[in-house]
Amino acid sequence: MEKGGFSPVGLRVLVVDDDPTWLKILEKMLKKCSYEVTTCGLAREALRLLRERKDGYDIVISDVNMPDMDGFKLLEHVGLELDLPVIMMSVDGETSRVMKGVQHGACDYLLKPIRMKELKIIWQHVLRKKLQEVRDIEGCGYEGGTDWITRYDEAHFLGGGEDVSFCKKRKDFDFEKKLLLQDESDPSSSSSKKARVVWSFELHQKFVNAVNQIGCDHKAGPKKILDLMNVPWLTRENVASHLQKYRLYLSRLEKEKELKCYSGGVKSIDSSPKDAEVNSGHQSPGKSSFVFSGGIFQKATETDPKPLASASLSDPNTDVIMPPKTKKTRIGFDPPISSPAFDSLLPWNDVPEVLESKPVLYENSFLQQQPLPSQSSYVANSAPAIMEEEMKPPYETPVGGSSVNIDEFLMPQDKIPTVTIQDLDPSALSSMKLQEFSSNVTNNTEAILRSWELPESNHSASLDTDLDLSWLQGERFLANTGLQFQDYSSSPSFLSELPPHLWYGNERLPDPDEYSFMVDQGLFIS
Amino acid sequence: MDALISQLQRQFRDHTISLYQQGFLDDQFTELKKLQDDGSPDFVAEVLSLFFEDCVKLISNMARALDQTTGAVDFSTVGASVHQLKGSSSSVGAKRVKALCVSFKDFCEAQNFEGCVRCLQQVDIEYKTLKSKLQDLFNLEKQIIQAGGIVPQVDIN
């Protein structure tokens, strides 16, 4: 093993999965591996936990499909901000998906169902990363360099030939390779144990400013950026690896920009004339802004947050709302909207205004389609197309909490989730009602199912009914199934002894309890 | 009492084996059982609880999304829920449910309404059937224990 005495025991793992079943199973499995486990049902919550305790986790395991945020996005954020190894998981093993994972920097991709033996060796990724960092610092020849360069090239080629470096050409990549390999003057190379560089917002701001200062015309190489940043303890390698991720991130934004049309709300931001200029003049995405799903904030203009907030109220679909949101953000990236640093940003910084709407729109549009009033009408057993159910209300209640005030969108997530539930209409969401609610849901479902006049449906409908009735009325359900195992099946009184919580008898709110349990776990990590 | 225990144990064994042989469960369920230990004696039951709750939620999502009276059917919404159910069912080894999700997903992608509705109904039946069969199994376990016996380890080949 390494001189640091690395041991897999106590590895601090953060598991992110919207599937409560998997979350529970993975937690158990990871605990059996003697890891220290924190579970999380929401990507945003995961980011919050990670940012809150920047050195609190060794590795992140995340599902690819999550309602609030694409797993790949989470992956990017984690990579950019925290440089933690991230393992992706999915029930889907399609080549394109796995490829996407690789492109976004996942250190592994696991297919569900996941086996113990796979989890037992995830520590290798943590160790590998540490070793890489050591090599980077010590400037140990080509090994450390190869790794990120290879990945860099991979991103370049696998990305379908798109120019990851928005203003660089192939020869510049080579130039940079040389830079990296030649660099030996790093004073911190003597230390073999390097603390992970955490890219706080301030640090990243400096980075971005430096990049912008260098501009598109020159080579924005790590050395130059480092010099401009003027952060004594930062090394060229730190900058280089961060730059790589940043470029990947920007290239993705660029792609999204091309794919999506601009949100109308963007116009309410100032400097739209500059937009036109920028768009025609530059193909490159704005280097100045660093967009996060949890809080878009890098407003290139000095717009006062208030107008933005009001803009958000009037136009809920716009992503203009993001900036005010981020002011309250609990994440490390809490930018002053009208920071003087932004004043010096070059024209193409306005592009990010547009850009920043992209990812936000991308992430939030799905959620913003949920009309809030549906909460109460839903309980009233109407059957409109309410999407919030799909959002798994216990997890998404922060979103559902307000369709207009997007600030609440993020805010409740800062609190313990149970509090979040209370933020909403209590009469609609007390656990009692939820029980009612599930029965109503069932009734709706059954009604819908029965209403379809398909040949098989008649037969199955009756069977359905039998099963439904039994399922709804717990104690009698077994008696109604009419299955052959009634020999030993006892009287209903015995059946009712079955702990109701084991099955559907969860008259409590299972999800928020689970969730707060998860959060508790997260907070418990020392 | 011993005769009763033996009988119960035999029934338990037979029932377990049949669940696997009839394709209701796969080896993931076996793995789940392995995870259960003294520290969490109800682990499997708890996980199954979560799964069946998820089934209810997801199926109602699908039903709503397939409800034409509310407007045009959004197959991608249905597909998203199907995908979630597929993931969920893979966690407990609900083999038949998972297999149904595969064809269900195909119907979603093909935007085949009738196919989707059929799948939805089948999925609904499947998970309920599985649920009641598993409930039988747990009942047997409980009876064995109450009779003073030990729940046998069933070797699935």
Side-chain angles (χ1 to χ4, degrees), chain A residues 18-22 24-25 28-29 32 63 65 67 90-92 112-113 115-116 383-387 389-390 392 438 441-442 444-446 448-449 452 454 456-457 460-461 463-464 467-468 470-471 477-478 481 483 485 487-490 494-495 497-499 501-504 506 510-511 514, chain B residues 7-8 11 15 28 31-32 34-35 37 40 42-43 45-54 56-57 59-61 63-67 69-71 74 77 80-81 83-84 86-88 90-93 98 114 117-118 120-122 124-125 128-129 131-133 135-136 138-140 142-143:
Chain A
D18 65 309
D19 184 338
T21 326
W22 267 115
K24 190 176 173 85
I25 295 173
K28 185 80 180 157
M29 289 170 79
K32 284 216 157 179
D63 190 74
N65 292 86
S90 178
V91 69
D92 174 15
K112 287 176 170 177
R115 291 286 171 261
M116 277 295 290
I386 298 158
M387 300 302 174
E389 172 61 20
E390 294 168 37
K392 294 187 179 180
S438 351
V441 169
T442 315
N444 285 343
T445 312
E446 301 320 317
I448 290 170
L449 288 171
W452 284 311
L454 293 182
E456 307 95 307
S457 69
S460 52
L463 178 58
D464 249 3
L467 286 175
D468 290 342
S470 59
W471 172 68
F477 89 102
L478 202 63
T481 53
L483 299 175
F485 299 103
D487 308 336
Y488 52 81
S489 62
S490 318
F494 173 78
L495 290 173
E497 282 170 27
L498 254 186
H501 76 273
L502 285 187
W503 296 108
Y504 39 72
N506 285 326
D511 298 312
E514 297 274 349
Chain B
Q7 189 200 8
L8 290 171
Q11 282 173 335
H15 189 38
Q28 173 63 14
E31 296 295 313
L32 262 194
K34 283 190 207 165
L35 288 176
D37 54 24
S40 53
D42 296 317
F43 180 70
E46 287 165 7
V47 172
L48 286 169
S49 246
L50 288 172
F51 168 64
F52 289 123
E53 277 168 24
D54 226 22
V56 173
K57 257 189 281 199
I59 287 176
S60 77
N61 286 350
R64 212 174 308 118
L66 284 169
D67 185 0
T69 64
T70 59
D74 184 356
T77 308
S81 291
H83 182 83
Q84 282 182 300
K86 185 179 173 195
S88 215
S90 74
S91 75
V92 298
K98 186 178 177 182
E114 279 183 10
V117 171
R118 243 193 312 269
L120 180 61
Q121 290 170 332
Q122 283 171 339
D124 193 56
I125 294 170
K128 284 168 177 167
T129 309
K131 182 173 183 176
S132 89
K133 284 184 183 286
Q135 212 134 3
D136 295 342
F138 276 91
N139 284 340
L140 274 174
K142 197 167 170 153
Q143 288 176 71

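The structure presented is a predicted model; accordingly, all values stated were derived computationally and were not measured. Here is the naming used below: chain letters follow the sequence lines, and residue numbers restart at 1 for every chain.
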What heavy-atom pair brings [X] and [Y] nearest, and what distance separates the two atoms?
X       : Y       : result
B:Ser90 : A:Val91 : OG-CG2, 4.0 Å
A:Trp22 : B:Gly87 : NE1-O, 2.7 Å
A:Thr21 : B:Ser88 : OG1-OG, 3.5 Å

Can you list the residues that meet the side-chain hydrogen bond (donor to acceptor under 3.5 Å, both in side chains) rule with B:Lys86, with sequence neighbours excluded? none
Could you tell me whether the side chains of B:His83 and A:Asn65 share a donor-acceptor contact shorter than 3.5 Å? yes
Hydrogens and angles aside, do B:Ser40 and A:Lys28 bring a side-chain donor and acceptor to less than 3.5 Å of each other? yes
Please evaluate residues B:Lys34 and A:Lys32 with respect to the criterion side chain to side chain contact (heavy atoms under 4.5 Å, CB included), reporting the C-alpha separation (whole Å), side-chain torsions for both, the decisive distance (0.1 Å), and the verdict. CA-CA 11 Å; B:Lys34 283 190 207 165; A:Lys32 284 216 157 179; over 6 Å; no
Does any backbone or side-chain atom of B:Glu31 lie under 4.5 Å from a heavy atom of chain A? Answer side chain, backbone, both or neither. side chain
What residues form a salt bridge (charged side-chain N to carboxylate O under 4.0 Å, His left out) with B:Lys98, not counting sequence neighbours? none
Evaluate side chain to side chain contact (heavy atoms under 4.5 Å, CB included) for B:Leu35 paired with A:Met29, printing each intermediate quantity in order. CA-CA 7 Å; B:Leu35 288 176; A:Met29 289 170 79; 3.5 Å; yes
In Å and rounded to the nearest 0.5 Å, what is the CG to CD1 distance from B:Leu32 to A:Ile25? 4.5 Å
